[in-house]
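Numbered from 1 within each chain, the chains take letters A, B, ... in sequence-line order.
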Amino acid sequence: MALRLYDTATREVRDFVPLHRGEAGIYVCGLTVQSEPHVGHVRSAVNFDVLRRWLEHQGYRVTFIRNVTDIDDKILAKSAEQGRPWFNLAYDMHRALTSALASINVLPPTYEPGATGHVPEMIEMIASLIERGHAYPAPDDSGDVYFDVRSWPSYGELTRQGLDDMEPAGDVDADQVARKRDPRDFALWKGWKPSEPATAAWPSPWGRGRPGWHIECSAMAGKYLGSAFDIHGGGVDLRFPHHENEQAQSRAAGHGFASYWLHNAWITTAGEKMSKSLGNSLAVPKVLERVRGVELRFYMASAHYRSHVEFSFEALEEAAAGFRRIEGFLDRALTGASDHAAGSDDVELVAGFAVAMDDDLATPAAVAAIYDAVREGNRLLADGDRAGAAALARSVAASLAVLGLDAAQFPGAAGAGGDGDALSAAVDVLVRGVLEERTAARAEKDFARADALRDRLQAAGIEIDDTPQGPQWSLSTPTRIDGGP
RNA sequence: GGUGGGUUGGCCGAGAGGCGAGGCAACGGACUGCAAAUCCGUGUACACGGGUUCAAAUCCCGUACCCACCUCCA
C-alpha cells in the first residue's frame, strides 16, 4: 500500500512517486505576517504538518520549506496605519505566528525563508525571465517588471482557466493598464514609489523597488528544493492567482517545479471565510483559553484537509471531550506499564490507521481507527487483561504521535518537566490523604461523609474513579500547569 | 461570464453503487453503596425532482440553495 494524494493539477488521487527515492521535498506557502494568526490561518500548517509527519513515519527524508511573506502591500499599509516601521510589524507578527504554531505542536520547518532575505535570488530569476522573453520592464519610468502571460501558452493550466475568460486584474490603476501588454500580466518587481518607506526598497537592474508577491515562492522553492520538487501546498484560495503564477514563472524560467499540488480547505465561521472582524476572537491564543493546544489540533486533524470546516466552539469542545476519552484510556492502560514512550518506531500503529493515511491523508478514518482501538482497549481493561490493553495503548499513542497529538509534546503540558512534576507530586500526596479518609468512611458505610469528601475534591476540579484496585484521581479537565497568572 | 467545491441523523463529521465510519449529545441496560469512568444496546441520515440499475447517499439529467477563486488572501 502506497501513499496516494489528491493533486489539484490533475484533479485526481494519484500514487505519490517522489523524484528521488526515499526523499520528499515539500514547499508550503505560509502566511503574510501582517496580523495575529487566527485558527483559520493555522489550519494549513497543521494539515501539512500531518503530511510531513506521515511521510517521515514512512521513512522518507523530508525537506520541508514553509515561507513567510514579510513585505507586501498590506504590511506597508497596516504599519503606516499603526505608525510603526513595516519591518517591526512583520517581525512582531512573525513571532506571534511562531508561537501560535508551537502551541499546537507544528514542527518547525526545515527552513523558513522570508521574502526580504531573498531579493537577489528573485532578481536573478526575473532577469532570466526577461532574457527568455517571458517578462518585460514597463516602458515608462515606473521601474515595474511584468510577467508576459501571452508569452506562456500554458498559462492557466493549473486552474483550468482560459486567459480570455478571466476578468482583468481589478486592482490596477490606469497607469498600470498602460504599462502592461495584457491586463492579466502580473508584477514581478514593483518600482519604488515616493509614498513608500525608503527601507522597503532594494536595488535592482530596473531601479530601486520591491518584489512582487508570487516571485518569492518561485525563487525560494528553487533555492531550497531544487529546480523540480515533489509537493507544493497551500490554502485553496492560493490556487489562483498565486500558484498559477508561481508555476508559470518557474516553468517559463526552465524549471520543472512541483509534481503535486495540494490545497487545504478553509475553516469558516457562519458559513463564510474568517474575516478580520471575526478574526480577533479566534486568534490562536484566545481559542487556547478555552481548550488545550492538543485539543485544538485534534479538532483540526479530525476533519479531512480538503473539507471545509465550520468552526464553532461547541464543535471544538465536543472534539475535546472525545480526545479526553482517548487520553483517559491511555492513562488507565499505561499506568504502571514499563514502556510509556509514545511514537517509538517499533510500535505498530492502530489497525486501519496506515491504510487511511495512505488514502489521501484520510484523517477522519484514521481517528475512527483510534477510537475503535480505544473501545477495544477499555474492554480488555475491564476484563483484566492489562498487558493486552497496554499494548493497544502503545499503538494508540504511536498513532496519535503521527498526527502530532502526543499531549506531552505540547508546550506547557503537565508532566513535561520542571515545576509541573513537583506540583503534581505535592497534589498527589494531599489528594491521597483525602482518598484514604474516604475509603475508611466507605468501609464504615458512612456514605454521607464519603460523598462529602468526594464533593470537596470535585469542587477543586479533581475527579475520583473507584476501581477494583482502589480509588484513582485525575484532573476533571486536563489543564496546563504553567504557573498561572 | 469563467473555474472549483458543497448540501448526510439532535449536533459534528466520513464514505462515493450492495452488511448503518467514527465522535459528541440523548435514552435503556451492565458495573457501582451512590456516582464518575467504562462496556453493551437503541436511530429506517444522505437538499429536491426525474432517470439508469437486481441494487443509488454514491452514477446520469435537471432544479434549488450555499461557499470559494478570477491578480491583497491560509
Side-chain angles (χ1 to χ4, degrees), chain A residues 8 11 28-32 34 37-48 69 72-75 77 147 149 156 159-162 164-172 183-187 212-214 233-242 244-245 263-268 271-276 299 302-304 306-310 312 314-323 325-326 328-329 332 352 356 362-372 374-379 381-383 442 445-448 450-451 454-455 458 463-468 472 474 476:
Chain A
T8 307
R11 285 194 305 181
V28 175
C29 286
L31 288 174
T32 298
Q34 43 119 358
H38 57 61
V39 287
H41 286 131
V42 296
R43 179 184 191 183
S44 164
V46 168
N47 289 155
F48 289 106
T69 298
D72 87 323
D73 293 349
K74 259 192 172 168
I75 292 174
F147 184 85
V149 294
T159 49
R160 285 155 211 279
Q161 298 185 88
D164 296 313
D165 294 327
M166 292 179 198
E167 289 178 1
D171 66 331
V172 293
R184 273 124 330 193
D185 288 353
F186 56 91
W213 174 36
H214 318 294
V236 274
D237 57 314
L238 295 179
R239 282 177 309 191
F240 193 88
H242 188 53
E244 188 73 66
N245 291 356
H263 291 100
N264 64 278
W266 292 92
I267 294 185
T268 59
E272 289 173 17
K273 78 194 269 185
M274 281 183 189
S275 66
K276 271 289 102 49
Y299 172 68
S302 300
H304 188 88
R306 285 195 284 122
S307 295
H308 291 250
V309 169
E310 174 68 17
S312 73
E314 291 70 25
L316 177 61
E317 267 147 24
E318 277 181 10
F323 187 74
R325 182 153 80 84
I326 298 173
F329 164 65
R332 287 188 298 276
T363 52
V367 168
I370 289 174
Y371 276 117
D372 286 342
V374 168
R375 197 182 320 106
E376 175 61 19
N378 275 324
R379 211 178 282 139
L381 229 35
D383 292 348
R442 290 177 72 203
K445 304 253 189 255
D446 184 358
F447 296 122
D451 289 351
R454 182 172 62 197
D455 289 347
Q458 271 173 347
E463 290 299 326
I464 305 306
D465 177 18
D466 289 321
T467 74
Q472 307 262 322
S474 60
S476 48

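With sequence neighbours left out, the salt bridge (charged side-chain N to carboxylate O under 4.0 Å, His left out) criterion links A:R454 to A:D451. Residues passing the side-chain hydrogen bond (donor to acceptor under 3.5 Å, both in side chains) test with A:E318, sequence neighbours excluded: none. Taking A:R239 as the reference, nothing meets the salt bridge (charged side-chain N to carboxylate O under 4.0 Å, His left out) condition, with sequence neighbours excluded. In terms of the ring-ring contact (aromatic ring centres under 6.0 Å, His included) criterion, A:F48 has no residue partners (sequence neighbours excluded). Here A:E317 pairs with A:R290 under the salt bridge (charged side-chain N to carboxylate O under 4.0 Å, His left out) rule; sequence neighbours left out. Not a single side-chain hydrogen bond (donor to acceptor under 3.5 Å, both in side chains) links A:H308 to another residue, sequence neighbours left out. For A:R160, there are no salt bridge (charged side-chain N to carboxylate O under 4.0 Å, His left out) partners two or more places apart in sequence or in a different chain. For A:R375, the side-chain hydrogen bond (donor to acceptor under 3.5 Å, both in side chains) test picks out A:D372, with sequence neighbours left out.
Atoms CG (A:D72) and C1' (B:U71) sit 13 Å apart, rounded to a whole Å. When the C1' atom of B:A74 is taken as reference, atom CG of A:D237 falls 6 Å away, rounded to whole Å. One can place CD1 of A:I267 at 14 Å from C1' of B:G13, the figure rounded to the nearest angstrom.
Residue A:G156 is classed as having no contact, given no heavy-atom separation below 4.0 Å to the nucleic acid. Residue contacts shown for A:I370 are absent, as no nucleic acid heavy atom lies under 4.0 Å away. Residue contacts shown for A:I464 include a base, since a base heavy atom lies under 4.0 Å away. Heavy atoms of A:G328 sit nowhere under 4.0 angstrom from any nucleic acid atom. Among the atoms of the strands shown, only primed sugar atoms or phosphate atoms (P, OP1, OP2) are found under 4.0 Å from some heavy atom of A:H304. Among the atoms of the strands shown, none is found under 4.0 Å from any heavy atom of A:A382. Counting non-hydrogen atoms under 4.0 angstrom, A:S302 reaches nothing in the nucleic acid.
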Pick out the pairs of N or O atoms, protein on one side and nucleotides 23-25 of chain B on the other, that lie under 3.5 Å.
residue, atom, partner, partner atom, Å
B:G23, OP1, A:R325, NH2, 3.3
B:G23, OP1, A:R375, NH2, 3.2
B:G23, N2, A:E318, OE1, 3.1
B:C24, OP1, A:R325, NE, 3.0

Pairs: protein N or O with nucleotides 32-34 of chain B N or O, under 3.5 Å:
residue, atom, partner, partner atom, Å
B:G33, N7, A:R442, NH2, 3.4
B:G33, O6, A:R442, NE, 3.3
B:G33, N1, A:D451, OD1, 3.0
B:G33, N2, A:D451, OD2, 2.8
B:C34, O2, A:R454, NH2, 2.7
B:C34, N3, A:R454, NH1, 2.9
B:C34, N3, A:R454, NH2, 3.3
B:C34, N4, A:D466, OD2, 3.2

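Set against B:A36, B:U71, B:G13, the side chain of A:H214 has B:U71 as its closest nucleotide. In the set B:A14, B:A37, B:C70, the nucleotide with an atom closest to the side chain of A:R332 is B:A37. Listed candidates were B:A21, B:A74, B:U38. Nearest to the side chain of A:N264 is B:A74. Taking only side-chain atoms of A:S44, from C-beta outward, the nucleotide of B:U71, B:A74, B:G22 with the closest atom is B:A74.
At a threshold of 4.5 Å between non-hydrogen side-chain atoms, the residues A:R306 and A:H263 do not count as touching. Using a 4.5 Å heavy-atom threshold, the side chains of A:L316 and A:Y299 count as touching. Taking 4.5 Å as the limit, some side-chain heavy atom of A:Y371 sits within range of a side-chain heavy atom of A:R325. Between A:V236 and A:W266, the closest side-chain pair of non-hydrogen atoms falls below 4.5 Å. Between A:E310 and A:I267 the shortest side-chain heavy-atom distance does not fall below 4.5 Å.
Among the duplex regions that RNA chain B forms, those built from at least three successive Watson-Crick or G-U pairs under 3.5 Å are B:1-7 with B:64-70, B:10-12 with B:22-24, B:26-30 with B:38-42, B:47-51 with B:59-63, ordered by first number.
Taking atom P in both B:C24 and B:U63, one finds a spacing of 42 Å when rounded to whole Å. For the P atoms, the distance from B:C60 to B:U52 is 15 Å, rounded to whole Å. Across B:U8 and B:C61, the matching P atoms stand 22 Å from one another, rounded to whole Å. Comparing B:G10 with B:C69, their P atoms are spaced 32 Å from each other, to the whole Å. Taking atom P on both B:G1 and B:A16, the two are 33 Å apart, rounded to the nearest angstrom.
Taking side-chain N and O atoms only, A:S312 has no distance below 4.0 Å to OP1 or OP2 of B:C11. Listed pair A:S307 / B:A14 meets the phosphate criterion, a side-chain N or O lying under 4.0 Å from OP1 or OP2. Distances shorter than 4.0 Å separate none of the side-chain N or O atoms of A:N245 from OP1 or OP2 on B:U71.
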Which parts of nucleotides 2-8 of chain B does protein reach within less than 4.0 Å, heavy atoms only, written one letter per nucleotide 5' to 3' as B for base, S for sugar-phosphate only and - for none? BSS----
For A:S44 and A:V28, run side-chain contact (heavy atoms from CB on, under 4.5 Å): C-alpha distance rounded to whole Å, both residues' side-chain angles, the deciding distance at 0.1 Å, then the answer. CA-CA 9 Å; A:S44 164; A:V28 175; 4.1 Å; yes
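Between the side chain of A:S312 and the backbone N or O of A:A315, at least one donor-acceptor pair lies under 3.5 Å.
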